[in-house]
S.K.: 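Supplied in structure tokens, the structure appears directly below.
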Amino acid sequence: MGVDVRWLLIAVLVSFVIARAFFRRWKKSFDMKELDDPLMPGTPMPAVKVRLTELQQIALRSATCVPIGIEKPRLEPLSSDQELYPKRTIDSLVERGLLEFDGKGGYTTTHAGLIAIRWAL
């Protein structure tokens, strides 16, 4: 085999490995609009891992049971019907689409949030 053929085989092999890695990464991403109901039994869970801090995981799990709220200044009385978390924590979860505002002053978990809880375990 000539030197040119060896370099050609090496180039083809390297391009194949790069294309395969790119295809796998592209295949793992998903769009929530494409899924009818991601929590139905038998529906495959999307293969997307979400990195969450410990406080974000706790806030997300709390939002599945009861609406959560943003911490208020010290002078305002605390409400006993909501768990309160820092504004930065809730804002980052809302930006990712894991929490949504319920219109009553609280935040609840979305379907994407429920999937993220499963992946964060």
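All values below were derived from every heavy atom in this structure, side-chain atoms included, with hydrogens, water molecules and symmetry-related copies excluded.
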S.K.: Do you know which two heavy atoms are closest between Thr110 and Gly97, and how far apart they sit?
M.R.: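 Taking every non-hydrogen atom into account, OG1-O, 2.7 Å.
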S.K.: Just wondering, do Leu8 and Asp4 contact through their side chains at under 4.5 Å, heavy atoms?
M.R.: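 Counting from C-beta outward, Asp4 and Leu8 never come under 4.5 Å.
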S.K.: Of all the heavy-atom pairs spanning Ala59 and Ile68, show the shortest one and how long it is.
M.R.: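 Minimum heavy-atom separation between Ala59 and Ile68: O-CD1, 3.7 Å.
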S.K.: Can you give me the closest heavy-atom contact between Gln56 and Ser92, atom names plus distance?
M.R.: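 Here Gln56 and Ser92 meet closest at NE2-OG, 2.7 Å.
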S.K.: How close do Ser62 and Glu83 get, heavy atom to heavy atom, and via which atoms?
M.R.: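 Heavy atoms only, the tightest pair is OG-OE1, 3.0 Å.
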S.K.: Write down the atom of Arg96, the atom of Arg51, and the distance for their closest heavy-atom approach.
M.R.: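 Minimum heavy-atom contact is NH1-O, 2.7 Å.
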S.K.: Do any side-chain atoms of residues 98-105 form donor-acceptor pairs under 3.5 angstrom with protein atoms, and if so which ones, sequence neighbours left out?
M.R.:
from: Asp102; atom 1: OD1; to: Lys104; atom 2: N; distance (Å): 3.0
from: Asp102; atom 1: OD1; to: Gly106; atom 2: N; distance (Å): 3.0

S.K.: Tell me every residue that passes side chain to side chain donor-acceptor pair (under 3.5 Å) with Thr64, counting only those two or more places apart in sequence or in another chain.
M.R.: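 Thr64 satisfies side chain to side chain donor-acceptor pair (under 3.5 Å) with no residue once adjacent residues are dropped.
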S.K.: For Thr89, which residues count as a side chain to side chain donor-acceptor pair (under 3.5 Å) partner, sequence neighbours excluded?
M.R.: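 None.
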S.K.: NE2 of His111 to CG of Leu114: how many Å apart, nearest 0.5 Å?
M.R.: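 If I round to the nearest 0.5 Å, the distance is 7.5 Å.
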